[in-house]
2 protein chains.
Amino acid sequence: METRELRYFVAVAEELHFGRAAQRLGIAQPPLSRAILQLERRLGVALLERTSRTVTLTEAGAVLLREGRAALDAVDAAGRRTRRAALGGTGPGLVLVTKAGASGDLLSRLLDAYAAMPGAVAVDVVLCGIGEQERQLRDGRADVALLHRPFDSVTGFDTEELSVEGQVAILPAGHPLTGRAHLRMADVTALPGLPLPRWPGPDGAYPDGPGPEAHDSTQMYQLIALGRAAAILPESCRTHLRRDLAAVPVLDAPAVTTVIAWPPHSRSRALAGLVRAATGLVQHVP
Amino acid sequence: METRELRYFVAVAEELHFGRAAQRLGIAQPPLSRAILQLERRLGVALLERTSRTVTLTEAGAVLLREGRAALDAVDAAGRRTRRAALGGTGPGLVLVTKAGASGDLLSRLLDAYAAMPGAVAVDVVLCGIGEQERQLRDGRADVALLHRPFDSVTGFDTEELSVEGQVAILPAGHPLTGRAHLRMADVTALPGLPLPRWPGPDGAYPDGPGPEAHDSTQMYQLIALGRAAAILPESCRTHLRRDLAAVPVLDAPAVTTVIAWPPHSRSRALAGLVRAATGLVQHVP
DNA sequence: GGCATCGATACCTCCCGGGTATCGACGCAC
DNA sequence: GTGCGTCGATACCCGGGAGGTATCGATGCC
């Protein structure tokens with residue numbers, strides 16, 4: 001199987017429309033149809049059910065979509081890491097990715113601690129939107145990530161736990177509940193007119209629901225300040241909270257574990273140092 | 001990057017010889033040279049240092065060899081799993097791989113427990129040589145594996161621990177040490193004329209050393225019976241030990257943990273059932 | 001029933017992957 | 001040092017296949 005065929009199939013499987021997929025791929029529709037047919041013949045498997053009006057995935061097609069994405073990510077990662085290896089000292093030594101607005105304190109302490117180590121290399125910090133870290137780690141754009149269980153999935157990565165913290169409800173300043181010493185999940189989820197915002201899932205799509213869509217923490221804070229939403233976040237976000245927002249501990253919210261994660265089989269000297277610096281932080285701040 | 005280019009590069013990087021690599025790939029040498037040159041141009045990276053007498057990997061080339069193998073495995077896995085998904089009920093429902101001769105008891109109990117579960121599917125058991133399980137799991141030939149830490153690496157897989165056991169020294173029956181109630185590592189490693197056999201590493205090559213090469217447990221048992229080697233193995237192997245061999249506990253040998261491992265993002269209904277059956281065993285046999 | 005949409009088919013072109021022949025560089029034997 | 005053998009690169013040719021345009025057949029919609 002060639003990566004070209006995989007790319008073509010993934011495009012069609014995502015669009016469920018040969019014309020749009022062809023446009024996205026920058027080719028005409030007939031070659032795309034032929035390529036998919038050829039792939040199906042070669043695998044001996046029906047991947048798509050098509051009528052002249054609709055295209056749907058077969059069960060096998062759904063498997064190839066998931067596995068094919070992972071395979072394409074692995075190929076991308078091979079290219080990127082090879083290029084990076086050739087750059088040697090000129091490029092960034094390590095690329096660390098994390099959600100914008102999360103674990104800011106921990107991150108700055110980590111960077112300080114690592115920079116103080118002998119032999120430390122330059123660390124590029126990439127702040128990305130929700131759910132994009134795993135992808136960047138898998139396809140080689142990043143070497144290491146700070147993830148937050150249980151929100152982010154860590155399957156397939158090597159990890160070390162860095163911190164565990166409770167969660168707080170974020171409310172507009174002056175909201176009646178801000179007077180309370182603590183809340184329960186039920187108090188927050190049932191707030192009239194203040195639904196929890198919806199985050200994009202691992203596939204980049206927003207789930208259905210009543211809340212407004214939020215792609216990053218800035219959007220979300222703005223929505224809360226406007227009185228259109230509430231949120232439940234790790235308590236470390238309090239240190240940088242806007243003045244027009246208030247935080248109240250939520251006793252029965254699940255604890256959030258911050259972990260440092262990296263792809264297996266990729267322990268470069270620099271990465272090992274950064275992980276060591278990270279686990280060293282845990283000793284100082286138990 | 002196309003998988004064809006990756007396959008070509010991996011072949012050359014493994015052979016370090018364009019002629020032999022071309023032969024292995026079933027093509028002539030000149031197109032192979034061109035393909036590698038084109039790959040290097042496209043990546044903008046020197047992958048190989050060649051003189052007219054020797055070929056060596058650059059640092060970037062070594063990275064691409066490692067990452068490229070993983071990527072090719074992922075592509076293979078995508079194809080295989082897709083075909084398997086299309087087979088539906090006709091093929092094996094699950095393929096379980098483990099080292100021949102290890103954890104036999106645990107395995108049969110696991111298979112019995114799973115078969116007794118409602119909705120259980122057929123399980124193909126693949127017994128392979130040392131160090132081949134990880135590869136089979138990564139490239140989709142197997143769905144799930146029994147691995148033994150610390151001998152097998154489990155990085156990149158999801159795992160559940162099934163059992164922890166000590167290790168015993170395996171000696172020819174009648175050897176003076178078989179009279180002892182227990183031994184220490186130093187007693188066994190220092191045996192004159194009975195070196196530990198050498199196992200193939202993750203790359204399939206045998207490490208250097210004094211001991212004889214052994215590819216599977218049968219070879220190894222034979223070598224021990226012949227008085228050419230000794231071995232240190234998990235104590236569960238005693239249940240099926242040949243009559244001409246003896247086992248003596250080694251107190252300070254590292255404990256061996258048997259785990260059930262599966263690729264991340266692959267929890268089919270059947271796999272989940274098998275994992276549940278496996279963890280259920282742990283309850284019964286703590 | 002006319003029409004628009006969409007995937008498949010027919011047919012053409014041209015690029016590129018693969019082949020053979022050969023060159024140039026290097027190691028080695030004597 | 002000279003001739004020879006080995007090995008990767010280059011030159012050149014051929015054929016298959018990837019990609020393009022034009023069009024067909026099926027289907028949902030007004």
Side-chain angles (χ1 to χ4, degrees), chain A residues 1-62 64-65 68 71-72 75 79 86, chain B residues 1-62 64-65 68 71-72 75 79 86:
Chain A
M1 217 173 2
E2 289 301 314
T3 58
R4 184 182 54 84
E5 301 175 296
L6 269 183
R7 270 191 297 271
Y8 286 6
F9 173 74
V10 168
V12 174
E14 285 177 355
E15 300 282 349
L16 291 177
H17 189 290
F18 281 72
R20 278 196 300 275
Q23 195 172 357
R24 205 175 95 182
L25 293 165
I27 65 173
Q29 170 259 320
L32 180 57
S33 283
R34 259 184 302 148
I36 301 293
L37 283 168
Q38 180 178 332
L39 178 61
E40 288 180 308
R41 270 204 314 272
R42 196 174 324 188
L43 288 173
V45 168
L47 300 171
L48 300 165
E49 300 281 357
R50 10 185 132 31
T51 70
S52 68
R53 306 304 290 176
T54 67
V55 176
T56 57
L57 281 173
T58 64
E59 200 175 329
L64 187 59
L65 176 57
L72 288 176
V75 172
Chain B
M1 218 173 1
E2 289 301 313
T3 58
R4 184 182 53 85
E5 300 174 296
L6 269 182
R7 269 191 298 270
Y8 287 6
F9 173 74
V10 168
V12 174
E14 284 178 355
E15 300 283 349
L16 292 177
H17 190 290
F18 280 73
R20 278 196 300 274
Q23 196 172 357
R24 204 174 95 182
L25 293 166
I27 64 173
Q29 170 258 321
L32 180 57
S33 282
R34 260 185 304 150
I36 302 292
L37 283 168
Q38 180 178 331
L39 178 61
E40 287 180 308
R41 271 204 313 272
R42 196 174 322 188
L43 288 173
V45 168
L47 301 171
L48 300 165
E49 301 280 357
R50 349 106 142 106
T51 71
S52 67
R53 306 304 292 174
T54 66
V55 176
T56 57
L57 280 173
T58 63
E59 199 174 329
L64 187 59
L65 176 56
L72 289 176
V75 173

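Per chain, numbering begins at 1; letters A, B, ... match sequence-line order. These numbers come from the heavy atoms of this one structure, side chains and all, not from hydrogens, waters or symmetry mates.
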Measure [atom1]/[X] against [atom2]/[N] and give the value in whole Å, please.
X: A:Ile27; N: D:dT21; atom1: CD1; atom2: C1'; answer: 14 Å
X: A:Glu49; N: D:dA26; atom1: CD; atom2: C1'; answer: 16 Å
X: B:Gln29; N: D:dT6; atom1: CD; atom2: P; answer: 14 Å

| Which sits closer to the 5' end of DNA chain D, A:Ala28 or B:Pro31, going by the nucleotide each is nearest to? | B:Pro31
| Short side-chain to backbone donor-acceptor contact, A:Glu40 and A:Leu47, under 3.5 Å | yes
| query | Under 3.5 Å, is there a donor-acceptor pair between the side chain of B:Glu2 and the main chain of A:Arg4? | reply | yes
Can you find a pair of side-chain heavy atoms, one from [X] and one from [Y], that are under 4.5 Å apart?
X: B:Glu14; Y: B:Arg24; result: yes
X: A:Thr54; Y: A:Arg50; result: no
X: A:Leu64; Y: A:Val45; result: no
X: A:Leu48; Y: A:Thr56; result: no

| Neighbour count >12 (heavy atoms, 6.0 Å) for atom CD, A:Glu5 | yes
| message | What contact category does A:Arg50 fall into here, base, sugar-phosphate, or nothing, at under 4.0 angstrom with non-hydrogen atoms? | response | sugar-phosphate
| Close approaches to DNA chain D from residues 33-41 of chain B, in residue order (heavy atom, under 4.0 Å) | B:Ser33, B:Leu37
| field | Of the listed nucleotides D:dG5, D:dA11, D:dG8, the one nearest the side chain of B:Arg53 | value | D:dG5
| said: Distance check, rounded to the nearest 0.5 Å: B:Phe9 atom CZ versus B:Met1 atom CE? | reply: 10.0 Å
| note | Min and max contacting nt of DNA chain C in 5' to 3' order, chain B heavy atoms within under 4.0 angstrom, are C:dG17 to C:dG27
